[in-house]
Structure formats: C-alpha cells, structure tokens
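Throughout, protein chains are lettered first and strands after them, A, B, ... in sequence-line order, and every chain is numbered starting at 1. Bear in mind the structure is a predicted one, so any value in this text is a computation, not a measurement.
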Amino acid sequence: MKLNMDSRFDHQKREPEIYKAWEKSGFFNPDNLVKKGVVKKTAKKFSMVLPPPNVTGILHIGHAIVLTIEDIMVRFARMQGKKTLWLPGADHAAIATQSKVEKILYKEDGKSRHDLGRDKFLKRVEAFASESHRTITEQTKRMGASLDWSREAFTLDDERNLAVRTIFKKMYDDGLIVRGHRVVNWDPKGQTTISDDEVIYKEARAKLYTFRYAKDFPIAISTTRPETKLGDTAVAVNPKDARYAKYVGKTYKVKFVGEDLEIKIIADREVDSKFGTGALGVTPAHSTIDYEMSLRHGLPMKQVIDEYARMMVGPDGIKGEKTINARDKVVEWLKKEKLLTGEEDVEQNISTAERTGGIVEPLPKLQWFIDVEKPFKLPKSNIKGIKNGQTVTLKELMRMVFKNGQIKIIPKRFEKEYFRWIDNLRPWCISRQIWYGHQIPVWYPSTSSGQAPSTDAQNKPYVGVEAPKGAGWEQDPDTLDTWFSSALWTFSTLGWPFDYAQGKPKKGTDLEAYHPTDVLETAYEILFFWVARMVLMTTYALGEIPFHTVYLHGLVRDEQGRKISKSLGNGVDPLEMIDKYGADAVRMSLIIGAAPGSDSKTSENKIRGYRNFTTKVWNASRFVLMNYNDKLKTKPTYTAEDKRNLKKLAEVEAKVTKHIEEYKYHQAGELLYHFFWHEFADKIIEKSKDRLREESGADKAAVQEVLTTILRSSLKMLHPFMPYVTEEVWNKLPGNKKDDLLIVERW
RNA sequence: GGGUGAUUAGCUCAGUGGUAGAGCGCUGCCUUCACACGGCAGAGGUCAUAGGUUCGAUCCCUAUAUCACCCACCA
C-alpha cells in the first residue's frame, strides 16, 4: 500500500482541521447521531453538562483537565452507541468578573464603577465578558472537546434569567427565600456580602489582650479585637462557672474609651471556662457567634464598625479610623487607664474573602437568604424515600439523595465531607451588593419617583417573575450570588421552565430526554459551591436528582506541587503546550497519573513524553499500513503466536473497558500506553518483520491480519484519550472510506 | 479541636494479597529500509517506621512519625 505520510503527525495543521470535520459531521449533537442512523432512536442516553468556565480570562490547566476527563467520558459513551449530549456553557461569575473589569477600568481610565453608573458599567462588563467568552470557546475547541455547541448556554442569558426569576419567586412563595436583618460576612474590599463558603481562613499571629472595661467592672475578658468591644452589650460566662455565678443576670454601666456601655452578665453553654479568663465579651453586631448568642439571650445589638471597616463611634483618633488603627488606640487607652492585665501572642485564623482577599468584617445587614431548614411541601418527588406532597426541608433533601444512594460520589470519601458540610450549613446569603449578575426580582414601593404604588402592596415588596405593572416601583438593586444561577444549570440548560408542567418535563423535550444527567464531573474544590447547590435547587424545583454520579478530580499543581496561581507565575499554559506538542499529548499527560480525587502535577517534560507517544502511534500505524497488501487474497494461517497476540488484545480490550466503566481513566490510559508501545510496537511489530518480507502466502496474510486487527482496535481504544491522531490514521485503514469518522465507530 | 489523604526508583507520581510500574533524568551500545520525539541492554527501590492478621503484605488491621488538604472558629 502506498502511503502519503510523513514520519511526524502534523498536529498544528491537522488538529484544527480534524475538529472542523467533526463539527461538520454534526456528531457532537445527539439529534444528528439519531438522524444519521449512527445510534438507534431507542438507544440509551448519556448526558452531562460542562462546568461552565468563568468569562474572566483564558483557558488554564484546570479547564484542560476538566475537558480531558469529560471528553473521554463523552467519546466513550458515543462510541458505545449512546445518544450522547455534552452541553457547553459559560458562567458570568459575578464578583470575579465585576472586580476584574473594575480593575481594568481603573487602570485604563482611572475611573470607578460609580463614575460610570450602573448601565454604562454593565455595558463595559458585558463587552469584556463576551470577548473573554469568545476566547475561551476557541480554546476549548483546541482541546478537542466534543461539545454540542448548538445547545450552548450562558448563566446570565435570557433563558437562564427567566429560570432564576421563576425559581426565586417559587422559593419566596414557599417561604424558603426570606429577607432579614442579620450579621453577615461583609467584604469591605469588594463592598459586598459573601456566603459562608466564600470565606477563606488564613492563619495569622495576633495579640490576645486581657482587660476590664472599667475599674469597677467585676470581670476581666480577653480579646484579639479590642476595638470591637465598643459594641459590647454583654459578658458571657459558662453556667457552671462558680467564679462568676454571683454576677449572672446583673447589668453594669461603664464608660469604655469614652463610650457608654451597658453590659449584662449572661450564662451561656458555648463559653469555655478554661479559655482566657473564662469570660467572653459579647459583640452581637460584629461576630457571628456573638450574634447567635445575643439572639438566645435577647441582647441589644450595637453596630460600631461601618462598611468600610471604619469605626463609627469613639473619641477623636478612633471614630472614623480603620479598625486596625483603632485597635492600637484602644490598647493605648487601656494601658493609660491601667485596665490591661495581659498581653499574649496567639495563632489566630482571620477570615478573608475568596475573590478579593479583603478581611471579612461581620456586620448586621438587611439581606436575602435561603432558609435550608424551613419545612415545605414537595408536590412531586422522584426522590427515593420522599413521597409526593411530603413535607421536607432543603437540608433533608440534600442529605437524602446521597444517603439513599441515588447519587454517588467518586471517590466515595467525599460523601463524608458532603454530609459534614450539610450538618454545618446555615442560611445561605444570596444577595450581593454588586451590579453584574441577576438582579433580584423584587420591587419595592418607590421612594424617589413620587408616585405611589398600588394600595394593596403599600408596605409589601412585590416579588414576581416579571416586574409589577404600573409606575412607582423600584427594583432591589442587589444581584444574586453567582452560584444561585449555576445551581440551576443541569435543568435551566435543558429548557426549564418552558418545557416543564404539572411536575414533569413535557414530552419530546430535552428536559425529558436528558435530565437527570448521568455524570457531573468537576474539581473537588467545587463540591460545596456548586454540586451541593445543584442538588438543593434540582430536588426543590423538579423533585428530582440533577445527576446520578459525581466524579471529582483533584487540583493540577506545578512541578513542585504548588497550587497554580497567577501571582506565582507557575502556570503551565495549556495552549502553548498544545501548540508545541499537540492536544493529544496534553490530554494524555493530564489523565495519566491523575487518580480520582487526588491532586496531580503537570510539567512540560511529561507532556513532551506523551508527544513522543503520539509520534509512536503515528509511526507504528504508518508501518502497518505500508506493509498491508490489499491484493493478498490468500487465506491467513495463524501461528500459535498470532493467536496469543490476539488473545492478549482481547484481554487489553476487556481491561480498558472495565477501567473506563469504573472511572479509572488514568489506569486505562496507562495500560493503553504500555500495550501499544511496549507490546505492540516493540514486540509484535518487531517480530512480524521477517514474515512480512515474504512475497505472498498464508503466513504473510496472517501477520497482516493480526497487525491491522490490533491497530484497528488500539486506535478505537485510544480515541477517547487521543482523538486527533487516532482520527487521522483511522480513514487510512484498509476498508475504511475517506469520510468514515472514528468518533462514531462502535467500541 | 475534629476529619481526610499521602509517605513506592535521583525527581514527579501510578499501582497491586503471590517475580515492583510510568514520565523525565542516568550509563553503555546502535544513525538497521515505521519512528533518534527511536531501538536494545543496563544501573537505581528492605514500596515511611514498629507491631499484628496471613502459607505469603508494599497492598489488610493497629500504633507512631512527617507532610498536605478540608471543616470548626477558643473570643
């Protein structure tokens, strides 16, 4: 057979061309698989959503591993003849995107978002987001990801916005979304609230001060934040603490740093009598724990720190100062008044905001929350153990689907973490004081326009899917936590709420055909942020699970095992690597050595190693094809060795299939690598050379058959891992037509 | 404070109840008509430590040490 093949696979030229050929075939879209007769109409489906990448920047190695693992899943399912849907999209990533654009705006124009105003600023963010989105889409294609682009969605487009408004209204009516004045995590840097999960604790050294509010105050307390003590309204001691029992219930008036304080002595079980003096100054407005304690004891709340982390009270030098400066001033005062009795270095965790790095300041604020413990009626339920119309809480739903095994997590150990998270779950604060995102679908009677709202709603907010009719209404300026809209992702992308009625999907819709999805594959970091929230929203909205299996992968770290970050500049740029070594090599390097749930490392060396494997696949194929004589009509006579080799192949096929079915992609990849290179190329091909030199005959026919059989099967098995080079070789195989595509070949 | 994971070749990591594997690196030979992004040969590991279960343990159990991560937030 004459061949027009160089000794290298030209990945730079061919990979984009092959991707175009796949797109042209339409096979990324399951409808076409049926239409073109590649899969049966009655075939099983396989559906999965791509974790939508943020529209904040370029594709990084974290995206690359997601795309690799998921594309392997998808290509495998498709080759098994399933109606396979892998649905792409992008995430508006509210805070992340807004703060990025604010930075650019400041750098380029020296302006803040307030200089532009809401509308102009949002236009600017949208321009940035759409540009960023275009880039990341192109980059996603370079990875070879076989996504159905015809179904692409965006967390902030019209369909998703309708889904968000619809579910907000529904939850509000069910009493699950409530507005309340509570102590929340305030990020002074980002000027917004954040959820408990967005708080990152960092270890830091701090000083623990022990002192009395005043000379005649009977109990000394300890704190690392003396400045907050201007907001104290109580001192708490343990009920069993005999030292302080006689003071409990009494109220003392003291003058503390020029402030009049009224301190009540209370007994609360949360207080550890062994810590410090065994007495705790209670600051209801500026500590979550203290806030909860104040609710138990009906204590008043006094806010002394504002949204800019500045003191709202105190004498000159304190009032208006940053908390950190005020702290020193308070300590000075304590020293001067001889009230300070102890000063000790301690290790302490400080709360920081995930996105901005700002130090979180607990503040009382009026915000929107999802109450996860409020009972409500679930009208329709496909959840095992929960009947139609049963009264449940969101927490119970979230727990149930894992407890009854309806959803499985791989690796299993993460189920424990999930349950622990649920146990600690408090109301989810969903309102954000930023502009980019889904604006909260709540309207209040207008205060500035001068027009009165309709009388029946005089004092009540209007909550609706659409804005209220008539003038005199103002929409809540806040937006929703970005995870609110991502939480709807498995069903908002499939046509909900349009294609859903009477508690079930309408016939013939995507929602009916593809929901629940089969697998949700993502990084373990996102388990609480996203996976748990999807379970919450889907079980609530549909009475259904969002997916059957959760597959979690680890972080990709640099060669030294460090987390990849921009500030370290240690990122391996997947695009540069694709350009240099090909997407197949990048994919193999990411999958091999990456066991489920455990972190892996990446390096250019490793990628280069798998590029060499790409070349090996290419050249071994070239050898087999060059030595194939399609005119040979002789019936092959297999030797014992031929039979052994074919048996070996069958064993590899069985093992690879088993590994993939068990989500052990790293093992399947390694086995294929080893078999192809060190069995097939090094041994089987080498030993075949003498036999191929024969002019003709049954033995030559046999060896040709063995080689092409193994090659054909290897290409199929390697295809999910290395789609490009395998596809390129495929249509050169004897018997294959020019436009035959490996992508839809049967496994 | 609670939990989880890791400890295997020089480096980075897979893996398995029964002669130890990959990538990169190293040594020697080979530019042989698929591939030097290659081939062949080789060096290098008491699979953290100590007990236990077993005919047999790197793998299972217990303890210890070190590291990493997650959660709680003792103020």
Participant: Once you round it to whole Å, what is the distance between C1' of B:A22 and CG of A:L590?
Facilitator: 15 Å
Participant: With sugar-phosphate meaning primed atoms plus P, OP1 and OP2, does A:R420 contact a base, only sugar-phosphate, or nothing at under 4.0 Å between heavy atoms?
Facilitator: base
Participant: Could you tell me the separation between the NE2 atom of A:H659 and the P atom of B:A14, rounded to a whole number of Å?
Facilitator: 16 Å
Participant: When the distance from CG of A:L711 to C1' of B:A34 is rounded to whole Å, what number comes out?
Facilitator: 12 Å
Participant: At 4.0 Å (heavy atoms only), tell me whether A:Q348 reaches a base, stays on the sugar-phosphate, or touches nothing.
Facilitator: sugar-phosphate
Participant: Counting the atoms with a prime plus P, OP1 and OP2 as sugar-phosphate, which does A:S598 contact under 4.0 Å by heavy atoms, base, sugar-phosphate, or nothing?
Facilitator: sugar-phosphate
Participant: Decide, yes or no, whether a salt bridge links A:E641 with A:R691 under the criterion of side-chain N to carboxylate O below 4.0 Å.
Facilitator: no
Participant: Within the modelled atom types, does a donor on one side and an acceptor on the other bring the side chain of A:N424 and the base of B:C71 under 3.5 Å apart?
Facilitator: no
Participant: For A:Y201 and B:C69, what is the distance between atoms OH and P respectively, to the nearest whole Å?
Facilitator: 17 Å
Participant: Given B:G39, B:C37, B:C70, which nucleotide is nearest the side-chain atoms of A:W677?
Facilitator: B:G39
Participant: Name the nucleic acid region contacted by A:A681, choosing base, sugar-phosphate or nothing; use a 4.0 angstrom heavy-atom cut-off, strictly under.
Facilitator: base
Participant: Describe the nucleic acid contact of A:I592 in one word from base, sugar-phosphate, nothing, applying a heavy-atom distance below 4.0 Å.
Facilitator: nothing
Participant: For nucleotides B:G18 and B:G25, find the distance between their C1' atoms and express it as a whole number of Å.
Facilitator: 32 Å
Participant: May I ask you to say what A:G593 touches in the nucleic acid, namely base, sugar-phosphate or nothing, with a heavy-atom cut-off under 4.0 Å?
Facilitator: sugar-phosphate
Participant: What's the closest nucleotide to the side chain of A:T615 if the choices are B:A22, B:G15, B:C35?
Facilitator: B:C35
Participant: To the nearest Å, how far apart are A:R608 CZ and B:G38 C1'?
Facilitator: 15 Å
Participant: Going by distance alone, is a donor N or O of one side chain under 3.5 Å from an acceptor N or O of the other, for A:E521 and A:H553?
Facilitator: yes
Participant: Under 4.0 Å between any heavy atoms, over every strand shown, what does A:K689 touch: base, sugar-phosphate, or nothing? Just pick one.
Facilitator: base
Participant: Please give, in whole Å, the distance from B:G21 C1' to A:F675 CZ?
Facilitator: 18 Å
Participant: With a 4.0 Å cut-off on heavy atoms, is A:R8 in touch with a base, just the backbone sugar-phosphate, or nothing at all?
Facilitator: base
Participant: Does the structure place the NZ or CZ of A:K732 under 6.0 Å from the centre of the six-membered ring of A:Y628, at an angle of no more than 45° from the ring's axis?
Facilitator: no
Participant: Report the distance from atom CG of A:D599 to atom C1' of B:A6, rounded to the nearest whole Å.
Facilitator: 10 Å
Participant: Measuring from the side chain of A:I685 (C-beta onward, heavy atoms only), which nucleotide among B:G23, B:A34, B:A72 has the closest atom?
Facilitator: B:A34
Participant: Which is true for A:A620 with a 4.0 Å heavy-atom rule: it touches a base, it touches only sugar-phosphate, or it touches nothing?
Facilitator: base
Participant: Is any side-chain N or O of A:K616 under 3.5 Å from a base N or O of B:C35, one able to act as donor and the other as acceptor?
Facilitator: yes
Participant: So which one's nearest nucleotide on RNA chain B is more toward 5', A:V271 or A:D197?
Facilitator: A:D197
Participant: Select from A:R693 and A:Y610 the residue whose nearest nucleotide in RNA chain B is closer to the 5' end of that strand.
Facilitator: A:Y610
Participant: Quick check on B:G15: is either OP1 or OP2 less than 4.0 Å from any side-chain nitrogen or oxygen of A:H666?
Facilitator: yes
Participant: Are A:T283 and A:K229 close enough that a side-chain donor and a side-chain acceptor fall under 3.5 Å?
Facilitator: yes
Participant: Send over the distance from A:I350 CD1 to B:A75 P, rounded to a whole Å.
Facilitator: 12 Å
Participant: Any base atoms under 4.0 Å from A:D290, or only sugar-phosphate, or nothing? Heavy atoms, all strands.
Facilitator: nothing
Participant: Between A:D6 and A:R8 (salt bridge meaning N to carboxylate O under 4.0 Å), is one present in this structure?
Facilitator: no
Participant: P atom, B:C60 versus B:U4: distance in rounded Å?
Facilitator: 15 Å
Participant: Check whether any side-chain heavy atom of A:L692 lies under 4.5 Å from a side-chain heavy atom of A:Q704, and answer yes or no.
Facilitator: yes
Participant: What's A:S589 touching, base or sugar-phosphate or nothing? Going by heavy atoms closer than 4.0 Å.
Facilitator: nothing
Participant: For a quick check of understanding: with a heavy-atom distance under 4.0 Å over all strands, which category does A:Y673 fall into, base, sugar-phosphate or nothing?
Facilitator: sugar-phosphate
Participant: Assign A:K274 to base, sugar-phosphate, or nothing according to its heavy-atom contacts below 4.0 angstrom with the strands shown.
Facilitator: nothing
Participant: If we take the P atom in both B:G56 and B:U66, what is their distance in whole Å?
Facilitator: 32 Å
Participant: Any N or O donor-acceptor pair linking the side chain of A:E270 to the base of B:A75 at under 3.5 Å?
Facilitator: no
Participant: Are A:D481 and A:W428 linked by a side-chain donor-acceptor pair shorter than 3.5 Å?
Facilitator: yes
